[in-house]
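The structure under discussion appears below in the form of structure tokens.
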Amino acid sequence: MTEESFQRPTWNEYFLMLAKLAATRSTCLAFPVGAVIVKNKQILATGYNGSPAGSAHCTEQGYCYPGLSSCDASKTLPSRAVHAEANAIAQAAKHGISTEGASIYVTLEPCLSCLKLVISAGIREVFYETPFNSGESLLVRDSFIKESLVDLKQIHLSEETANRAASFLSNSLSGIRSTPTP
């Protein structure tokens, strides 16, 4: 690879990749989601979805509740998962870190409950990879955007950046490039 062909990921790609990496810690079998809160290009907190701290993980018992064939097999039992955005905001709060004026990067567009939490936490930009809301939820989401409470932007990783990141993750000493000595 020549210096001319070397291209660093954009800031959006970089933080989205970190959110995707956080999602690998998720203990939710249905929706492994990751989130990263950023301010001035500095990471404030990360989060991923799963059961509350100290509670049995879905990965340990099969699904949200023992004996279910899937997370949505019961129409009466709610999900036990704390969403990635909520966990990231809680992590910041736990450590006394202000999220006022920050941005959040998530692998899945926030549900309305998380979007309201994001807005209430002072986070003004949401960057997401995969859409989630539909139907009437879009009306509520769009009303928040119209009121200038939050800005949502769908972003993607370039194939080149994703491939390069995968190469770094699968190889030791991935960041070392040899340079010829004179």
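- Heavy atoms from other residues, nucleotides or ligands lying under 6.0 Å from CD of E147 number more than 12.
- Atom CZ of R124 and atom CG of L149 lie 6.5 Å apart (nearest 0.5 Å).
- Both V38 and L16 belong to a single network of hydrophobic side chains, linked directly or stepwise wherever heavy atoms of I, L, V, M, F, W or Y lie under 4.5 Å apart.
- Hydrophobic cluster membership is shared by I43 and W11, with clusters built from Ile, Leu, Val, Met, Phe, Trp and Tyr side chains linked at under 4.5 angstrom.
- Nearest heavy-atom pair, A23 versus V33, reported as atom, atom and distance to 0.1 Å: CB-C, 3.6 Å.
- Annotation for N133 and S137: closest pair OD1-CB, 3.8 Å, computed over non-hydrogen atoms.
- Shortest non-hydrogen contact noted between V36 and L18 is CG2-C, 3.7 Å.
- Formation of a donor-acceptor pair under 3.5 Å by the T107 side chain with backbone atoms of G34 is found in this model.
- E13 places a side-chain N or O within 3.5 Å of a backbone atom of T10 that can act as its donor or acceptor partner.
- The same ILVMFWY cluster, assembled from side-chain heavy atoms under 4.5 Å apart, contains both I119 and V126.
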Using the side-chain contact (heavy atoms from CB on, under 4.5 Å) rule, take L157 and M17 through it: C-alpha gap first, then chi angles, then the decisive distance, then the call.
CA-CA 8 Å; L157 291 179; M17 286 191 292; 3.5 Å; yes
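- Taking 4.5 Å as the limit, every side-chain heavy atom of Q154 sits out of range of all side-chain heavy atoms of F127.
- With a 4.5 Å cut-off on side-chain heavy atoms, I145 and L152 count as touching.
- Classification of the F15-Y105 ring pair by plane angle, with boundaries at 30° and 60°, yields tilted.
- In this structure, the side chain of S158 engages the main chain of T161 through a donor-acceptor pair within 3.5 Å.
- A 4.5 Å side-chain heavy-atom check between L44 and H95 finds every atom pair outside the cut-off.
- The closest side-chain donor-acceptor pair between T130 and E109, if any, does not fall under 3.5 angstrom.
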Evaluate the salt bridge (Lys or Arg N to Asp or Glu O under 4.0 Å) criterion for residues K20 and E129: first the C-alpha distance (whole Å), next the side-chain angles of each, then the deciding distance (0.1 Å), finally the verdict.
CA-CA 10 Å; K20 290 168 96 55; E129 183 177 45; 2.7 Å; yes
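- A 4.5 Å side-chain heavy-atom check between V150 and I123 finds every atom pair outside the cut-off.
- Between the side chain of S167 and the main chain of N163, no donor-acceptor pair closer than 3.5 Å is present.
- By the 4.5 Å heavy-atom criterion applied to side chains, I89 and V118 are counted as neighbours.
- The nearest pair of heavy atoms linking A35 to A88 is CB-CB, 4.3 Å.
- The environment of F144 atom CZ is dense: over 12 non-hydrogen atoms of other residues, nucleotides or ligands sit within 6.0 angstrom.
- Side-chain atoms of S143 come within 3.5 Å of backbone atoms of V140 as a donor-acceptor pair (strictly under, hydrogens ignored).
- Separating the CG atom in L112 from the CG atom in L138 is a distance of 8.5 Å, to the nearest 0.5 Å.
- Side-chain atoms of F132 and C111, non-hydrogen and from C-beta on, do get closer than 4.5 Å to each other.
- Taking every heavy atom of both residues into account, R141 and Y128 meet most closely at NH1-OH, 4.3 Å.
- Across every non-hydrogen atom of E125 and S103, the tightest pair is OE1-OG, 2.6 Å.
- Contact of the P32 side chain with the Y48 side chain is not registered, since no non-hydrogen atoms from C-beta on lie closer than 4.5 Å.
- One hydrophobic cluster, built from ILVMFWY side chains closer than 4.5 Å, holds both L117 and I97.
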